Amino acid sequence: MKSEPSEYSIDDLKRDTKAPWYGVRNYQARNFMRDLMQPGDAVLFYHSSCPEPGVAGLAEVIGEPYPDSTQFDPKSPYFDPKATKEKPCWMLVDLEFKKRFERIISLAALRQEKKLQELIILRPGNRLSITPVTQKEFETIVQRAA
DNA sequence: GCCAACGTTGGC
DNA sequence: GCCAACGTTGGC
């Protein structure tokens, strides 16, 4: 899951311990979250749009997906006039902090790893803020942090 | 349903 | 700040 550290970083999650992942407004990313995520799932926390983009740590999904309340709030930048409480459009999950890597696993390092050639986030032009990762990809990345 | 214009993302 | 790659919007 991507986040701009100037908005919300792994250190923010460490401080808060838990956080709702609100503000996803892309259908494909929402579908991954809604259809694939389950409590207990491990999450790679990725810092984007920053001096050193890369995987900054680990989190865990701690509940079923549920409606993102910011879509109903006219004062929120994530307000969506098409959404109603009867028919919510956008979902979120709650995350719990697990680990902050001592060093960021940089995007450059991810690109150098042959086992990660299929990683969605490395595909040209990919901008999705939430993407699935295979078990092997996950293990390869976590090993790099050791 | 097509497509041009526009907005956003995100690395560099 | 630039720019490529998308996604979204809205006229037709």
Side-chain angles (χ1 to χ4, degrees), chain A residues 1-16 18-37 41-61 64-146:
Chain A
M1 297 173 85
K2 291 185 193 172
S3 181
E4 300 186 15
S6 59
E7 284 292 318
Y8 198 80
S9 71
I10 190 75
D11 291 317
D12 293 323
L13 183 60
K14 184 177 182 180
R15 179 199 61 214
D16 297 341
K18 297 175 183 178
W21 206 254
Y22 63 85
V24 171
R25 292 297 179 271
N26 172 284
Y27 288 104
Q28 225 181 325
R30 178 205 64 184
N31 292 347
F32 284 143
M33 191 157 49
R34 185 191 58 191
D35 303 337
L36 265 38
M37 282 190 180
D41 280 354
V43 172
L44 295 159
F45 196 114
Y46 181 92
H47 284 176
S48 66
S49 292
C50 59
E52 195 183 20
V55 181
L58 298 175
E60 184 178 313
V61 177
E64 302 283 343
Y66 62 98
D68 177 347
S69 63
T70 62
Q71 69 192 303
F72 310 124
D73 179 3
K75 293 192 295 294
S76 167
Y78 301 112
F79 177 64
D80 186 342
K82 295 188 300 292
T84 62
K85 299 209 174 177
E86 292 70 33
K87 275 197 162 186
C89 196
W90 305 106
M91 308 289 282
L92 58 70
V93 294
D94 286 341
L95 295 187
E96 183 176 74
F97 174 80
K98 279 287 159 186
K99 180 180 258 184
R100 179 194 192 280
F101 293 156
E102 287 184 29
R103 270 173 297 176
I104 285 198
I105 306 168
S106 70
L107 178 59
L110 296 177
R111 288 194 191 285
Q112 281 170 13
E113 177 55 67
K114 282 211 171 70
K115 291 177 186 167
L116 298 177
Q117 280 181 348
E118 303 294 313
L119 196 69
I120 293 175
I121 218 179
L122 299 182
R123 290 181 192 166
N126 170 59
R127 299 176 314 171
L128 278 176
S129 62
I130 298 176
T131 51
V133 174
T134 67
Q135 184 79 33
K136 279 187 177 177
E137 288 168 340
F138 181 85
E139 285 164 6
T140 300
I141 293 169
V142 170
Q143 273 172 19
R144 274 237 162 206

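All of these numbers come straight from a predicted model, not from anything done at the bench. Below, chain A is the first sequence line, B the second, and so on; all start at residue 1.
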message = The criterion is salt bridge (Lys or Arg N to Asp or Glu O under 4.0 Å); which residues satisfy it with A:D80, sequence neighbours excluded?
response = A:K82

remark   = So side chain to side chain donor-acceptor pair (under 3.5 Å) across residues 119-136 of chain A, not counting sequence neighbours, yields A:T134-A:E137, A:Q135-A:E139

task = Could you list all the side chain to side chain donor-acceptor pair (under 3.5 Å) pairs where at least one residue sits in residues 44-60 of chain A, not counting sequence neighbours?
result = A:E60-A:K98

Whole angstrom value for the distance that separates P of C:dC6 from CZ of A:R123 = 11 Å

query = Just how far, in rounded Å, is C1' of C:dC6 from CD1 of A:I120?
reply = 15 Å

Partners meeting side chain to side chain donor-acceptor pair (under 3.5 Å) with A:Y27 (sequence neighbours left out) = none

remark   = With sequence neighbours left out, the residues meeting side-chain contact (heavy atoms from CB on, under 4.5 Å) with A:R25 are A:D68, A:T70, A:Q71, A:Y78, A:W90

task = Go through the structure and list residues passing side-chain contact (heavy atoms from CB on, under 4.5 Å) with A:A19, not counting sequence neighbours.
result = A:Y8, A:L13

inquiry  = So A:P88 and A:Y66, do their side chains get closer than 4.5 Å, heavy atoms only?
reply    = no

inquiry  = Under the salt bridge (Lys or Arg N to Asp or Glu O under 4.0 Å) definition, can you give me all pairs with a residue in residues 105-117 of chain A, not counting sequence neighbours?
reply    = A:E113-A:R144

Give every pair of a protein N or O atom and an N or O atom of nucleotides 7-11 of chain C that lie under 3.5 Å apart, one pair per line with the distance.
| from | atom 1 | to | atom 2 | distance (Å) |
| --- | --- | --- | --- | --- |
| C:dG7 | O4' | A:R127 | NH2 | 3.3 |

query = Over its full length, what angle do the end axes of the helix from B:dG1-C:dC12 to B:dC12-C:dG1 make, each axis taken from five pairs and the result rounded to 10 degrees?
reply = 10°

ask   = A:S49 near the nucleic acid: base, sugar-phosphate alone, or nothing, with a heavy-atom cut-off under 4.0 Å?
value = base

